[in-house]
Amino acid sequence: MSVEVSPLEQLVNSVQDDVVRWRRHLHEHPELSFEEERTSQFVYDTLSSFGGLALSRPTKTSVVARLHGAHPGPVLALRADMDALPIQEENDFAFASKHPGKMHACGHDGHTAMLLGTAKILSGLADALHGEVRFIFQHAEELFPGGAQQLVDTGVMEGVDAVVGIHLWSPLEVGKIAIRSGPFMAAPDTFYITIHGRGGHAAQPQATVDPIVIAAQVVTNLQHIVSRNIDPLDPVVLSVTQFHAGTAHNIIPETVELNGTVRSFKPELRTEVPRRMEQIIRGITEAHGATYTFRYEQGYRPVVNDDALTEKVKRALVDVFGETAVVEGDPHMGGEDFSAYQSVVPGTFFNVGAGNVEKGIVYPHHHPKFTIDEDALPIGVKSFVAFVLKALGE
Ligand code: NI
């Protein structure tokens with residue numbers, strides 16, 4: 001049996017005001033990673049009001065809702081992240097953050113609101129669905145080890161056939177959707193180096209082992225890895241972002257601390273790059289009579305989109321938004337723990353444009369003036385609903 005489904009546009013319009021209102025509420029009350037207590041309670045209560053959803057809280061600050069269609073079929077998971085960032089908001093709109101030093105500066109407030117809107121629409125269409133939709137409201141995307149892996153560990157992906165996630169994206173104009181198969185976002189690894197020299201008086205360098213001069217060579221030589229050792233067709237970033245040393249102009253310090261990040265896509269590079277790094281650090285420190293400690297920590301895995309699923313989602317998006325709105329996504333070196341879901345089931349992650357130059361919505365993600373064009377919210381809802389109806393609507 002199949003039930004008459006009202007046109008998609010009408011469905012999305014019916015929740016549009018709610019979605020904007022939810023997003024603004026969440027924006028006003030940001031919570032940091034692993035601390036999303038009010039946020040998850042708000043999500044739980046809102047989902048409860050729709051009816052027809054089986055709710056659970058796999059971790060303290062996450063919520064999962066299951067919608068069982070009237071007919072058997074595959075299980076689709078849709079994911080939204082809910083956490084904010086430790087940034088002081090510099091926007092002055094009425095619903096700006098009420099919590100000093102905390103801000104939804106990445107659009108996760110919008111992600112949560114869009115997935116709530118999607119759940120509201122689909123919970124009214126259960127009779128027409130062939131399969132299950134699992135709505136995953138994830139905590140802690142911004143802070144390693146991340147909420148996604150914790151949720152996978154609790155079993156939220158059990159029985160799931162495919163997982164889809166959206167990131168609102170301010171560098172992309174509202175109205176555009178960017179999606180691509182294969183590698184989409186990089187693995188963000190971090191490293192911590194300490195160079196141990198021998199401190200002393202700046203006027204008697206011969207009696208010291210100056211760790212600053214040595215560390216400067218380490219920084220310079222680390223740049224050889226990407227430029228000379230890695231295949232130029234494999235994207236890799238190695239950035240030293242912190243160089244800490246010294247207390248006064250006339251003291252050669254004992255130690256220098258160098259920290260930074262490595263971004264890459266290929267799994268083998270995540271062992272090859274640190275191996276080369278340590279060779280360089282060892283060689284330079286040994287040559288100058290210093291010692292070192294080196295710690296390399298793997299972060300999230302790279303986001304690699306499943307070919308077949310991405311093609312399916314893309315077709316659903318083109319059907320709804322047209323060929324010109326759906327563009328090929330550019331891979332970039334940012335990280336995302338959506339990859340944790342993709343390590344267990346086929347997944348695709350894509351960007352919904354949320355920037356608008358004419359409205360002055362031009363700030364990058366994680367900027368104190370970041371915001372989204374709220375016209376992107378119904379586009380995100382429509383994307384989710386269109387795909388679910390295409391995949392489970394028979
Ligand atoms: Ni984000």
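Ligands are counted one by one from 1 in listed order, and the atoms in each one are counted from 1 as well. The figures here come from the full heavy-atom set of this structure, side chains too, leaving out hydrogens, waters and symmetry mates.
For the pair Thr112 and Phe137, the minimum side-chain heavy-atom distance is below 4.5 Å.
Protein N/O/S atoms found under 2.8 Å from the Ni ion (ligand 1), listed by chain and residue number: Cys106 SG, His108 NE2, His167 NE2.
With respect to Phe135, the side-chain contact (heavy atoms from CB on, under 4.5 Å) criterion is satisfied by exactly one of Val64, Leu67, Leu47: Leu67. No option in Val19, Asp18, Asp17 other than Asp18 meets the side-chain contact (heavy atoms from CB on, under 4.5 Å) test with Arg21.
Applying the salt bridge (charged side-chain N to carboxylate O under 4.0 Å, His left out) definition to pairs two or more places apart or across chains, those involving residues 331-351 are Arg79-Glu336, Arg79-Asp337.
When ring centroids are compared, Phe93 and His27 come within the 6.0 Å threshold.
Side-chain contact of Arg263 with Thr261: a donor-acceptor pair under 3.5 Å is present, judged by distance alone.
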